[in-house]
Structure formats: C-alpha cells, structure tokens
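Before any comments, here is the structure.
If you're wondering where the values come from, they're calculated on a predicted model, not measured in any experiment. Numbers restart at 1 for each chain; the letters A, B, ... are given by sequence-line order, proteins then strands.
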Amino acid sequence: MQDEPTLIRQRREKIRALRAAGIEPFANTFRPHHRVADLIAAYGHLDQGELEKLTATFSLAGRLMLLRQFGKATFFHLQDESGRLQGYIQRQEVGPEAYTFFKQLDLGDIIGLTGRLFRTKTNELTLAVQQFVLVTKAIQPLPEKYHGLTDVELRYRRRYVDLMVNPEVREVFRRRSRIIRFLRDFMDQRGFLEVETPMMQPIPGGATARPFQTYHNVLAMPLYLRIAPELYLKRLLVGGFQRVFEINRNFRNEGISTQHNPEFTMMEFYQAYAEYEDLMRLIEEMVAALAQDLYGTGRITYQGHEIDLTPPWRRLAMAEALTVVGQIPAEIVRDRQALIKLALEQGVTLRPSEGYGRAMAKLFDLHVEPKLIQPTFITAFPIEISPLSRRCQDDPELADRFELFIAGKEIANGFSELNDPEDQRQRFLKQVAAREAGNEEAHFMDEDFVLALEYGMPPAAGAGIGIDRLVMLLTDSPSIRDVILFPQLRPEG
RNA sequence: GGGCCGUUAACUCAGUCGGUAGAGUAUCUGCCUUUUAAGCAGAGAGUCGUUGGUUCGAGUCCAACACGGCCCA
C-alpha cells in the first residue's frame, strides 16, 4: 500500500478532503429521471431555436468520460448505460465555488447532473448544467481516452473497464442478451416449456466429455457439474411434457481455446412425436429469423465470409461429406479397414474400443468441418459415436442424427431419440466397457435413466445449440472469449 | 502438450550496437467562456513480468519460470 502509484494516492487524498468538507463521495441519494438515449430520441431533432423554448430541465447520472476545460467553462461527456451526451458547465451559471469543485472531479467519477438542453456552435446537442453532484468517486484512473483498453488479457480480467470504455464490447453483450431473449420467445411460441434441470448430477451424462467433480459434504457423495442436461430433459418427456427446453450452462473439463470455454451456454430442447428432420427445419427457421431480427437480413458476414442463412440449408450425409467436401475417395470411405488405416496414417489415435465410426468422425473434423462455411447439416452419423441416438431404420450402423456447421464451427447437434430401454442399456454397457478400457470421456451407466425409459418415453427428437458460438457468429466475434463476459483465465501471474 | 510472439509509467506505445529510462494520454500547477482525442507553458510519475546467469556494466544477451495471444496436436 505504501508504494501505491501517485494517481491512486492523489485520489484517496481527494476522498479524505471531500469527507473533511462534508461531502460523502459514495452517497446513494441522487436519482436521475432521464437517460441519455431517451433525451436524444426525444429532442435530438430540435434546433437551437426550438430548444430555447423548451423550459424543461433534465437530470442524468453517469460517468465522466472526457473533459475539455477552460478557465471559466468546461465541456465534458457523460456516459450512462444508454449512451453519451456532451455537458457544458459555466462558472457564471453554477457559481465560483461549485465550478471550482467541478474542476476537482476526475475522469471516471460518477456524477449527477440537472440542466437544460441546447445546441453548441457546432450544433451538438448538449446539456447546460445548472446543478451537479458527485455521486461516486473513482479511485482508479480510466484507460487512455483514444486507444482505450486494448490489452487482451486486461480486457478479460477487468471486463468492467472493457465495458466502460469500449462501446463495441457493450454492443456484443446487448446482442447476446437479445439473441437469448429471441430464442426464448421463439420456443415459447412453438409450445415449448422452459425448464431447469440439475447442474449438479450424481451421474454426468448426455455428452461425451470429461466432467468437473465436486463433493457434497452432508450427503457425503461426489457430484459432477453437468456436461449436458439431456438425460433429465428426456425424463421430462417420460413425465408427460411433450416439448421442453432449457437454456443454461454446461461444464466440460477440457481444453480452452477460441472455440471452447470450460463453462458454456447451451440451449437444449426436446419434442415428442418428432424426428430429427423436424428439428433441422426448426433450427433453420429459428436462426434465419434470428438474423432477420438482429440485422433485418438473412445474409451476415463472419470474419470476412459472406454467409447466407436463408433456408433451406445444405444437407449432407457424413460419408458423402467426406468425399464431396473432404476429397476422400468414396471407395475408401466405404471400406471400413481402409478408412481406419487412413485415419491412423494421419495421426489419429484410436483406442481398442474405437473403430470405423471414430475414424470417420476424426477425418471429418480434419478435412470437412473447417470447409463448411455456409450452413450445412451433416447427417447419418455412425452409431458408434452416437450412444443416445435412435438407429437409422435402413442402416443399423447409422444414427438418425445431425450436426449443424456454420463458418467451420459446430453450432448444433441433434437426433431422433433412442427410446428403447433395452437398446439403451446395451449402449451404456458398451460405453462402460470403453470407460474401463481407459476412455475417460465415455458415458457412465445411468440405471435410473433406463428405468425411466422402461416407463415409456414417447418417440422424440432433441437438439442442442451452442449459444456462445451462435453469438460469435452473429456478432462477428473471432473468439468465444469475446462473447462470454468473464471467460476463464488462470490467476494473474 | 509443442511452436512462434508479447509482457517497459494508471493506459497506448517507443527504446538503435549492452553504457544512468522516453513519448502521447491521464495526473498536478499556471493561462484560457463554444470545445470535439480542445490548445499553450511547466512539473511529478518506473521492482522494464519473476528468478537466476554472462558482463566492468543488462530494459537490451542467455536460461528457467509465470501470465497472455496466435497457430498446431
């Protein structure tokens, strides 16, 4: 503390001086009656003559962001949640004492203003201050006014500063909120019931991933943060809800990258008496309507790529995609041994329990996924990597499953649900064997889930949409960390 | 896990061949009543990520480590 930077020390001294003068620097008494954007919307079109006739006074609260001081007058910008407005304060108007006090304020302080609107010589709508109060003193100085905060690490660690000084960051998170609200409305309009299922699960299921583990002291048992809500949502179908959805966090104990955060947001939904193709149509319609809602068009730009979200989207069977997009000859794709050999040659590692299906998926990741820029549904997944999907009637080695790719990213995953308890039990047993053989991502046996299926789950289809990636796509953000307010970081070094 | 890059004042960044640390913004002082990243004059502000090494001398060279970014697995 003794070696505190000068700037901070000066401001702490200012706080002491304020208190000594009887001014509380953290009072909670000022109540603004207006917001910047509302004033601009209501009066932004009036010229100076019209503003002069306006007798109303307005009160605003916000952060002091820019200062242009003269001897006896000061221009500044006040920033509230809705925007920025220029303010103008004259010594002649507020009196010498108040003006001297105003000059002692610092950039970043939160202030309350009361005044009238006028236009400056340069025709800028401005609040002429009649009264002001210091609402909250800022001890830490703001970043540089022109470049703002650009250090990526600092932006994530001090997101509050990032939000304060980088308007485009605020806009991303407003859009994120709007996207989630849109999805809720969309699902609600189609008769889906929003539900909440456990985040802490005794048996983590519903996805292929390593879970985070925790411990409940009183129950004296391990619990896992969920990797997916799937098995609980399906239990709700057993219970009689026919359309359910959940928007919430999943947790996966895996690597961090521009596409992965350990906790991420997923919308999962299940529809009884539907099959996967119904959900593909639903998702197409939903994402296109979402783009329309945000931008008034189905065409968006992501990292330089023009992407057309207008339905219908391309549909390709996985085997077909490997050939058509991945340039792997059809005879190799068809030949189980040849495909496994190719995968091994390309550095894919396969465990004893893994074979053709896994090889296919890995080759897909390498050669197809990055090239799927325009929205594409990949279908006909190997059953081996789809332990919760219904089998394809025409080919028991395939699952009635799809994944959606846009801009080279996996955005959604869905399938017709397996509702045969015997088949489900066998698939769990296969997963358990894989787990015992060392695959930490394999599923656990979930007896209660099988029991639920034994009561009868109506035929259904379900899907999950990665909300963070969808937000990235719709905000042209290159990293998942740009769309998560507080992304996971190591403690400061 | 591997490769490359980065880490210097509160922020944004320079720093040459190894020779006592620089700018702009912000802060402080003075001038300034229509500015727009206001202007002018002056001042203060540094554990150069950390630890070790080489050297008469290290922000600079070497090594390890920490944190971050990008790419790869």
Both A:Lys14 and A:Leu366 contact RNA chain B. Taking the nearest nucleotide for each, which residue is further toward the 5' end?
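Residue closer to the 5' terminus by nearest nucleotide: A:Lys14.
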Pick the closest RNA chain B nucleotide for A:Thr258 and for A:Thr126 by heavy atoms, then say which residue is nearer the 5' end.
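Residue closer to the 5' terminus by nearest nucleotide: A:Thr126.
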Kindly list each side-chain donor-acceptor pair under 3.5 angstrom involving residues 145-152 of chain A, sequence neighbours excluded, with atom names and distances?
{"residue": "A:His147", "atom": "ND1", "partner": "A:Glu144", "partner atom": "OE1", "Å": "2.9"}
{"residue": "A:Asp151", "atom": "OD1", "partner": "A:Glu153", "partner atom": "N", "Å": "3.2"}
{"residue": "A:Asp151", "atom": "OD1", "partner": "A:Leu154", "partner atom": "N", "Å": "2.8"}

How far, in whole Å, is [M] from [N] if one measures between their [atom1] atoms?
N      : M      : atom1 : value
B:rA58 : B:rG52 : P     : 13 Å
B:rA21 : B:rU47 : C1'   : 14 Å
B:rU20 : B:rU60 : C1'   : 14 Å
B:rG24 : B:rG39 : C1'   : 15 Å
B:rA38 : B:rC72 : C1'   : 49 Å
B:rU12 : B:rU29 : P     : 26 Å
B:rA26 : B:rA9  : C1'   : 11 Å
B:rA10 : B:rG46 : C1'   : 12 Å

[X] side-chain N/O to [N] phosphate OP1/OP2 under 4.0 Å:
X        : N      : value
A:Lys145 : B:rA38 : yes
A:Lys72  : B:rC31 : no
A:Thr150 : B:rC13 : yes
A:Arg490 : B:rG68 : yes

Round to the nearest Å and state the distance from [X] atom [atom1] to [N] atom [atom2].
X        : N      : atom1 : atom2 : result
A:Ile8   : B:rA9  : CD1   : P     : 14 Å
A:Ile15  : B:rU27 : CD1   : C1'   : 15 Å
A:Asp106 : B:rC11 : CG    : C1'   : 15 Å
A:Phe76  : B:rU34 : CZ    : C1'   : 14 Å
A:Glu492 : B:rG68 : CD    : C1'   : 10 Å
A:Leu107 : B:rC11 : CG    : P     : 15 Å

When you measure from every atom of RNA chain B, which of [range] have a heavy atom less than 4.0 Å away?
range                       : answer
residues 89-105 of chain A  : A:Gln90, A:Gln92
residues 34-68 of chain A   : A:Leu66, A:Leu67, A:Arg68
residues 151-162 of chain A : A:Asp151, A:Val152, A:Glu153, A:Leu154, A:Tyr156, A:Arg157
residues 111-120 of chain A : A:Phe118, A:Thr120

Taking A:Glu124's backbone N and O only, do any of them form a donor-acceptor pair with A:Thr120's side chain (distance below 3.5 Å, no angle check)?
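Looks like yes, one N/O pair under 3.5 Å.
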Expected output: side-chain A:Asp476 to main-chain A:Gln303 donor-acceptor under 3.5 Å:
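Yes: the side chain of A:Asp476 pairs with the backbone of A:Gln303.
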Check every strand shown and say whether A:Gly347 touches a base, only sugar-phosphate, or nothing at a heavy-atom separation below 4.0 Å.
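A:Gly347: no heavy atom of the nucleic acid under 4.0 Å.
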Would you classify A:Glu124 as touching base, sugar-phosphate or nothing, given that sugar-phosphate means primed atoms plus P, OP1 and OP2, and contacts are heavy atoms under 4.0 Å?
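Base, at least one base heavy atom under 4.0 Å.
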Out of A:Phe377, A:Phe364, A:Trp313, which one pairs with A:Phe405 under the ring-ring contact (aromatic ring centres under 6.0 Å, His included) rule?
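For A:Phe405, the ring-ring contact (aromatic ring centres under 6.0 Å, His included) check succeeds only for A:Phe364.
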Side-chain donor-acceptor contacts of residues 485-493 of chain A below 3.5 Å, not counting sequence neighbours, with atom names and distances?
none

Dot-bracket encoding of pairs in RNA chain B, which uses [ ] for pseudoknotted crossings and | for another strand, Watson-Crick or G-U under 3.5 angstrom
(((((((..((((.....[..)))).(((((.......))))).....(((((..]....)))))))))))).
Could you list the donor-acceptor pairs under 3.5 angstrom formed by side chains in residues 379-387 of chain A, with sequence neighbours left out?
{"residue": "A:Glu384", "atom": "OE1", "partner": "A:Gly357", "partner atom": "N", "Å": "2.9"}
{"residue": "A:Glu384", "atom": "OE2", "partner": "A:Gly355", "partner atom": "N", "Å": "2.9"}
{"residue": "A:Glu384", "atom": "OE2", "partner": "A:Arg358", "partner atom": "N", "Å": "3.4"}
{"residue": "A:Ser386", "atom": "OG", "partner": "A:Pro382", "partner atom": "O", "Å": "3.0"}
{"residue": "A:Ser386", "atom": "OG", "partner": "A:Arg401", "partner atom": "NH1", "Å": "2.8"}

Listed nucleotide nearest any side-chain atom of [X], set [options]:
X        : options                : value
A:Leu489 : B:rG68, B:rU25, B:rC28 : B:rG68
A:Glu144 : B:rU25, B:rA26, B:rC28 : B:rU25
A:Phe70  : B:rU27, B:rU12, B:rA38 : B:rA38
A:Phe75  : B:rU34, B:rU12, B:rA37 : B:rU34

Scan for salt bridge (Lys or Arg N to Asp or Glu O under 4.0 Å) pairs involving residues 437-446 of chain A, sequence neighbours excluded, and state none if there are none.
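Found A:Arg210-A:Glu440, A:Arg235-A:Asp446.
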Please collect all salt bridge (Lys or Arg N to Asp or Glu O under 4.0 Å) contacts where either partner lies in residues 47-57 of chain A, sequence neighbours excluded, each pair once.
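Listed by first then second residue: nothing to list.
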Between A:Phe76 and A:Tyr88, is the ring centroid distance below 6.0 Å?
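No, too far apart.
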Tell me if the centroids of the rings in A:Phe212 and A:Tyr224 come within less than 6.0 Å of each other.
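No, the ring centres sit 6.0 Å or more apart.
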Got a sec: does the CD of A:Glu168 have more than 12 other heavy atoms crowding it under 6.0 Å?
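It does: A:Glu168 CD has more than 12 such atoms within range.
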For the NZ atom on A:Lys409, are there more than 12 heavy atoms of other groups (residues, nucleotides or ligands in this structure) within a distance under 6.0 Å?
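Yes, because the 6.0 Å sphere around NZ of A:Lys409 holds more than 12 heavy atoms from other groups.
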Judged by modelled atom types alone, do A:Arg63 and A:Gln79 share a side-chain donor-acceptor pair under 3.5 Å?
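On atom types as modelled, these side chains do not qualify, holding no pair under 3.5 Å.
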Sequence neighbours left out, what passes ring pair (Phe, Tyr, Trp, His ring centres under 6.0 Å) with A:Tyr43? Give chain and number order.
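A:Tyr43 satisfies ring pair (Phe, Tyr, Trp, His ring centres under 6.0 Å) with A:Phe58 once adjacent residues are dropped.
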Is there a donor and acceptor pair closer than 3.5 Å between the side chain of A:Gln86 and the base of B:rU35?
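Under the 3.5 Å cut-off, the side chain and the base do form a donor-acceptor pair.
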Determine, for [X] against [Y], whether the closest basic-nitrogen to carboxylate-oxygen distance falls under 4.0 angstrom.
X        : Y        : result
A:Asp106 : A:Lys137 : yes
A:Arg299 : A:Asp308 : yes
A:Arg19  : A:Glu24  : yes

Are A:Asn248 and A:Met266 side-chain neighbours, meaning at least one heavy-atom pair lies under 4.5 Å?
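When only atoms from C-beta onward are counted, A:Met266 and A:Asn248 do not touch, as no gap falls below 4.5 Å.
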In chain order, what residues pass the side-chain hydrogen bond (donor to acceptor under 3.5 Å, both in side chains) check against A:Gln131, with sequence neighbours excluded?
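A:Gln131: no side-chain hydrogen bond (donor to acceptor under 3.5 Å, both in side chains) contacts found.
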